[in-house]
Amino acid sequence: MSDISIRRATADDSKRLTRLVRTSGAYRGDYAAMVEGYQVGGPYIEHHPVHVAVDDGDDGRVLGFYALLLDEAELDLAFVADAAQGLGIGRLLMEHMTEQARAAGLTSVRVVAHPPAEEFYLRTGAVRTGTVPPTGRIHWERPELRYDVA
């Protein structure tokens, strides 16, 4: 793997980020309904701090991304491409996210996690704070976690 950098996403990244979400191996089987038809739209990217990890040596290939909702102090989206799993991309993104949250004056960031991702968040510094009950198309409980960034 070449050098990896993190940059602010632009509306031009919409299709790549949408594809990354929809093809995520973490959302197969029972979880597939959660990302079916999901779109990371240009207006969303322009309105919220969305950052992408890119492979600088591979024409800027997107390896992962996250979206931080500043008004809600919440991590809304966090994905790493299946082919980039286990390379430290997720950890790099979470370190970047906590730095951005701190710089924005937040003291903590809430995460409502996809159940298989809970261990990742715990390994990268989040603490479990509770459980979110099923709602809408989501028919399972989700772990609620928090990153303390102050």
Side-chain angles (χ1 to χ4, degrees), residues 1-118 120-121 124-126 132-140 142-147 149-150:
M1 176 115 349
S2 302
D3 289 331
I4 298 166
S5 62
I6 297 179
R7 64 167 172 79
R8 181 79 186 249
T10 68
D12 290 341
D13 293 310
S14 175
K15 288 181 181 176
R16 288 188 281 187
L17 301 186
T18 296
R19 185 171 37 252
L20 199 155
V21 170
R22 289 185 186 176
T23 62
S24 173
Y27 288 88
R28 303 257 194 275
D30 292 341
Y31 298 123
M34 207 169 162
V35 296
E36 183 177 301
Y38 195 88
Q39 182 175 356
V40 184
Y44 177 90
I45 292 169
E46 303 255 329
H47 182 72
H48 299 291
V50 178
H51 288 83
V52 296
V54 296
D55 183 341
D56 294 331
D58 193 10
D59 296 325
R61 181 173 59 108
V62 172
L63 303 171
F65 77 99
Y66 74 87
L68 177 62
L69 306 182
L70 294 175
D71 292 342
E72 293 87 354
E74 184 168 349
L75 179 66
D76 189 38
L77 299 168
F79 283 84
V80 174
D82 290 350
Q85 297 280 328
L87 301 175
I89 307 300
R91 180 174 294 281
L92 186 66
L93 286 167
M94 292 305 97
E95 289 170 358
H96 189 272
M97 181 276 298
T98 57
E99 290 169 9
Q100 293 295 305
R102 189 177 302 112
L106 301 178
T107 57
S108 65
V109 175
R110 177 179 186 242
V111 179
V112 177
H114 180 49
E118 180 179 12
F120 162 78
Y121 290 117
T124 58
V132 175
T135 58
R137 296 186 333 181
I138 301 169
H139 305 289
W140 53 88
R142 292 170 291 157
E144 181 176 26
L145 303 107
R146 182 187 70 241
Y147 283 97
V149 298

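All values below come from the heavy atoms of this structure, side chains included, with hydrogens, waters and symmetry mates left out.
Expressed to the nearest 0.5 Å, how far CZ of Phe79 lies from CD of Gln85 amounts to 10.5 Å. Atom-to-atom distance recorded for Met97:CE and Arg102:CZ is 10.0 Å, nearest 0.5 angstrom. Rounded to the nearest 0.5 angstrom, Arg91 CZ and Phe120 CZ are separated by 7.5 Å. Note that CG of Leu63 and CG of Leu87 are 8.0 Å apart. Values are rounded to the nearest 0.5 Å.
The aromatic ring centroids of Phe65 and His51 lie 6.0 Å or more from each other.
At a threshold of 4.5 Å between non-hydrogen side-chain atoms, the residues Leu93 and Ile6 count as touching. In this structure the side chain of Gln100 reaches within 4.5 angstrom of the side chain of Tyr66, judged on heavy atoms. Between Arg61 and Val54, the closest side-chain pair of non-hydrogen atoms is not below 4.5 Å.
Residues Ala26 and His114 come closest through the heavy atom pair O-NE2, 2.7 Å. Shown here for Ile89 and Ala84, the closest heavy-atom pair between the two residues is CG1-O, 3.9 Å. Nearest approach of Ala9 to Val52, heavy atoms of both residues: CB-CG1, 4.0 Å. Across Met94 and Ala78, no two heavy atoms sit closer than the pair CE-CB, 4.0 Å. Looking at every heavy atom in both residues, Ala113 comes nearest to Leu145 through CB-CD1, 3.6 Å. Across all non-hydrogen atoms, the minimal contact from Leu75 to Ala67 is CD1-O, 3.5 Å.
Using a 4.0 Å cut-off between charged side-chain N and carboxylate O, Arg19 and Asp13 make no salt bridge.
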Validation: residues 37-49 side-chain donor-acceptor distances under 3.5 Å, sequence neighbours left out:
from: Tyr44; atom 1: OH; to: Asp76; atom 2: OD2; distance (Å): 2.4
from: Glu46; atom 1: OE2; to: Ala11; atom 2: N; distance (Å): 3.4

Residues 104-112 side chain polar contacts: donor-acceptor under 3.5 Å, at least two apart:
from: Arg110; atom 1: NE; to: Glu144; atom 2: OE2; distance (Å): 2.5
from: Arg110; atom 1: NH1; to: Glu74; atom 2: OE1; distance (Å): 3.3
from: Arg110; atom 1: NH2; to: Glu144; atom 2: OE2; distance (Å): 3.1

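The closest donor-acceptor contact from the side chain of Ser24 to the backbone of Val21 lies at 3.5 Å or more, if one exists at all. Using modelled atom types, one side-chain atom of Asp82 and one backbone atom of Gly25 make a donor-acceptor pair closer than 3.5 Å.
Note: Trp140 and Tyr31 have perpendicular aromatic rings, judged against thresholds of 30 and 60 degrees for the angle between ring planes.
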